[in-house]
Amino acid sequence: SGNGSSWTTAWKTLGEALTAARADEEAAATWTIRVAQGSYCPGTTQEATFLIDVDSLQIYGGYAGLQGGSTPDSRNIGTFETILPDLVPFTAPPVHVYHVVTIDDDIDDVDANGIPTTILDGVTIKLGRANGSGLNAGGGGIFSNEGEALIRNCTLENNTATSYGGGAYLLGSAAGDGDGMRLEAC
């Protein structure tokens, strides 16, 4: 696997990129992860998730990458679809994760206009199955328990929950935590 400094040395998984951002959180004011077209799985268990737990992390899907037949930096979220499908590989019957994407409750940085600086943009989030109990019964696609992020230009497709928000469960608190969570053009 690469070091993420270019398309030719890219991380092989989104999970590796998130781990690198987590390890280097204090060194960089903003981490930007560009995700090439293709499908990405968060892990190998039902509890696996793409955990966004770094303030000011910006994740952009829809890039051509090295398989795009054009320049790797070409971005078109319709043509170069980035899919976060959640199916745990090599299982029969297929195992779905409870939450495809989880926004951590410590994510709370906003700009001067109150817009979250943590961004998830241009990905398709699908097949989450929040069919557990407690907090695992809500937010099959996106789960946020008081986290604040901007979810923009994303497609939420075929996510379900037994209790709350199959596509997204965005829980705020009486203290205002999580009130900056935004979905735009999704």
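From a predicted model like this one, the values you see are computed outputs, not experimental measurements.
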Residue set satisfying side-chain hydrogen bond (donor to acceptor under 3.5 Å, both in side chains) with Thr155, at least two apart, ordered chain then number -> none

What residues, two or more places apart in sequence or in another chain, satisfy side chain to side chain contact (heavy atoms under 4.5 Å, CB included) together with Ser5?
Asn3, Thr9

Taking the side chain as every heavy atom from C-beta outward, state whether Ile151 and Met181 have any atom pair closer than 4.5 Å.
yes

Which residue pairs satisfy the ring pair (Phe, Tyr, Trp, His ring centres under 6.0 Å) criterion with at least one member in residues 113-152, sequence neighbours excluded?
His99-Phe143, Phe143-Tyr169

Leu51 and Arg22: which non-hydrogen atoms are nearest, and at how many Å?
O-NH2, 3.1 Å

Mind checking what makes side chain to side chain contact (heavy atoms under 4.5 Å, CB included) contact with Thr162, not counting sequence neighbours?
Asn131, Ala137

In this structure, would Leu66 and Ile77 fall into the same cluster of hydrophobic residues linked by side-chain contacts under 4.5 Å?
no

Working to the nearest 0.5 Å, report the span between OG1 of Thr32 and CD1 of Ile119.
8.0 Å

So, for Ala36 and Gly65, which heavy atoms are closest and what is the spacing to 0.1 Å?
CB-CA, 3.8 Å

Selection residues 110-121 - residue pairs positive for side-chain hydrogen bond (donor to acceptor under 3.5 Å, both in side chains), sequence neighbours left out:
Ser56-Thr117, Arg75-Asp121, Asp121-Arg152, Asp121-Asn153

Evaluate the side-chain proximity of Val100 to Phe50: yes if any heavy-atom separation is below 4.5 Å, no if none is.
yes

Can you tell me how far CH2 of Trp31 sits from CG of Asp55, rounded to the nearest 0.5 angstrom?
15.0 Å

Set of residues satisfying salt bridge (Lys or Arg N to Asp or Glu O under 4.0 Å) with respect to Asp109, sequence neighbours excluded
none

Return the minimal non-hydrogen interatomic distance between Cys41 and Pro85, and the atom names on each side.
N-CD, 4.4 Å

Quick one: salt bridge (Lys or Arg N to Asp or Glu O under 4.0 Å) partners of Glu184, sequence neighbours excluded?
none

Could you tell me the separation between the CD atom of Glu16 and the OH atom of Tyr40, rounded to the nearest 0.5 Å?
11.0 Å

Side chain proximity check, Thr82 to Leu14, heavy atoms < 4.5 angstrom
no

Restricting to side chain to side chain contact (heavy atoms under 4.5 Å, CB included), what partner residues turn up for Ala168, sequence neighbours left out?
Ile142, Leu156, Leu170

Euclidean distance, Leu127 CG relative to Asn159 CG, rounded to 0.5 Å
7.0 Å

When rounded to the nearest 0.5 Å, the distance separating CD1 of Ile33 from CD1 of Ile59 is 5.0 Å

Can you confirm whether Gln46 sits close enough to Asn136 that some side-chain heavy atom of one is under 4.5 Å from a side-chain heavy atom of the other?
no

Connected via hydrophobic side-chain network under 4.5 Å: Leu84 and Leu183
yes

Joint cluster assignment, Trp11 & Leu120, ILVMFWY side-chain distance < 4.5 Å:
yes

Drop me the distance from Asp105's CG to Glu148's CD, to the nearest 0.5 angstrom.
10.5 Å

Heavy-atom pair with the smallest gap, counting every atom of Gly138 and Ala161
CA-CB, 3.9 Å

In this structure, would Leu18 and Ile125 fall into the same cluster of hydrophobic residues linked by side-chain contacts under 4.5 Å?
yes

For the residue pair Leu57 and Ile107, establish whether any side-chain heavy-atom pair is separated by less than 4.5 Å.
no

What pairs with Asp73 under side-chain hydrogen bond (donor to acceptor under 3.5 Å, both in side chains), at least two apart in sequence or on another chain?
Trp7, Arg34

Does a side-chain heavy-atom distance below 4.5 Å link Tyr98 with Thr49?
no

Those residues that, when tested against Thr8, pass side-chain hydrogen bond (donor to acceptor under 3.5 Å, both in side chains) (two or more places apart)
Ser6

Gly122 and Cys154: which non-hydrogen atoms are nearest, and at how many Å?
N-SG, 3.8 Å

For Ala48 and Thr44, work out which heavy atoms get closest and say how close.
CB-N, 4.2 Å

Test side-chain hydrogen bond (donor to acceptor under 3.5 Å, both in side chains) applied to Asn158 - qualifying residues, sequence neighbours left out:
none

